[in-house]
Trainee: 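Quick one: structure below, then a few questions.
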Amino acid sequence: MSETEFNPTISSTAGIRRRQRTTRRHSLEQIEGDGSPRVILLEGDEMVIGRAPGAQIRLTSKSVSRQHAIVRLHGTDCVLLDNDSRSGVFLNGVKVHSAVLRDGDAIQVEDNEFIYSEG
């Protein structure tokens, strides 16, 4: 076969289109701890989890720090951040400092447990 008959190089360029994610309603379902069961819609850019009077997700347990953790909406993602609490935050049973949440993740703050949902 001659060089002119077979050319493995494709000369045309393929266009890449990026599909934009749609905005979803993020929520936490509290399944363990004082106040459960309840569903908390995650609205606004940032919500504090803790026992401080100003915390958006208020927990009553004395073992929970006043501002234990933060849930931050970042674009279409939802990020969980430990706010330097004494006992930490657990995601699916693993202690984390920060993590992007995925649908169905289990979050534990002391004796309180939540299930994260991308609705």
Side-chain angles (χ1 to χ4, degrees):
M1 186 177 286
S2 72
E3 240 180 83
T4 57
E5 291 177 26
F6 178 71
N7 185 352
T9 307
I10 299 173
S11 61
S12 66
T13 58
I16 299 174
R17 290 190 300 175
R18 185 179 178 125
R19 193 182 98 190
Q20 199 166 16
R21 286 178 67 180
T22 57
T23 304
R24 299 179 183 160
R25 302 272 320 219
H26 304 275
S27 66
L28 292 178
E29 179 184 2
Q30 185 176 3
I31 59 171
E32 292 289 330
D34 281 348
S36 67
R38 66 177 169 157
V39 174
I40 303 152
L41 293 179
L42 302 176
E43 300 174 324
D45 293 336
E46 187 172 284
M47 296 181 77
V48 173
I49 300 172
R51 61 180 172 79
Q56 289 80 15
I57 303 171
R58 190 137 188 252
L59 304 175
T60 59
S61 174
K62 295 287 184 195
S63 57
V64 172
S65 298
R66 293 175 53 77
Q67 296 184 357
H68 200 101
I70 297 169
V71 177
R72 185 174 291 152
L73 297 179
H74 183 71
T76 57
D77 289 329
C78 191
V79 180
L80 174 67
L81 304 160
D82 180 16
N83 198 27
D84 295 325
S85 65
R86 210 171 356 155
S87 57
V89 176
F90 292 81
L91 179 64
N92 300 321
V94 177
K95 190 173 186 178
V96 296
H97 179 70
S98 67
V100 175
L101 297 174
R102 297 293 175 232
D103 194 47
D105 279 346
I107 300 163
Q108 186 174 349
V109 176
E110 289 292 341
D111 57 347
N112 301 276
E113 188 170 351
F114 303 88
I115 302 296
Y116 170 74
S117 294
E118 289 180 358

Trainee: Examine distances only and state if a side-chain atom of R25 and a backbone atom of L41 form a donor-acceptor pair shorter than 3.5 Å.
Mentor: no

Trainee: Just so I know, are the side chains of D103 and D105 near enough to count as touching, which here means a heavy-atom distance under 4.5 Å?
Mentor: no

Trainee: Membership question, hydrophobic clusters at under 4.5 Å side-chain separation (ILVMFWY): are V64 and V96 in the same one?
Mentor: yes

Trainee: Taking the side chain as C-beta and beyond, is there a heavy-atom pair between S27 and E118 under 4.5 Å?
Mentor: no

Trainee: Quick one: are R72 and M47 in side-chain contact, heavy atoms under 4.5 Å?
Mentor: no

Trainee: Do S63 and S61 pair up side chain to side chain, a donor and an acceptor below 3.5 Å, judged on atom types alone?
Mentor: yes

Trainee: Report yes or no: does N112 contribute a side-chain atom to a donor-acceptor pair with the main-chain N or O of G33 at less than 3.5 Å?
Mentor: no

Trainee: Rounded to the nearest 0.5 Å, what separates atom CG in N92 from atom CZ in R102?
Mentor: 12.0 Å

Trainee: With sequence neighbours excluded, what pairs up with R38 under the side-chain contact (heavy atoms from CB on, under 4.5 Å) test?
Mentor: Q30, I40, I57, L59

Trainee: Would you say V71 and E46 make side-chain contact, with heavy atoms under 4.5 Å?
Mentor: no

Trainee: I70 and I49: same hydrophobic cluster, using ILVMFWY side-chain contacts below 4.5 Å?
Mentor: no

Trainee: Does D34 have any side-chain contact (heavy atoms from CB on, under 4.5 Å) partners at least two apart in sequence or in another chain, and if so, which?
Mentor: T60

Trainee: List the atom of H26, the atom of D77, and the distance in Å for their closest heavy-atom pair.
Mentor: CE1-C, 4.5 Å

Trainee: Kindly indicate whether the side chain of I107, heavy atoms from C-beta on, has any atom under 4.5 Å from the side chain of L80.
Mentor: yes

Trainee: Who are the side-chain contact (heavy atoms from CB on, under 4.5 Å) partners of I31, not counting sequence neighbours?
Mentor: E29, E113, I115

Trainee: If you count heavy atoms of other groups shown closer than 6.0 angstrom to CD of Q67, is the number above 12?
Mentor: no

Trainee: Taking C-beta and beyond as the side chain, do S65 and R51 meet within less than 4.5 Å on heavy atoms?
Mentor: no

Trainee: Please tell me if the side chains of L42 and Y116 come closer than 4.5 Å, counting only heavy atoms from C-beta onward.
Mentor: yes

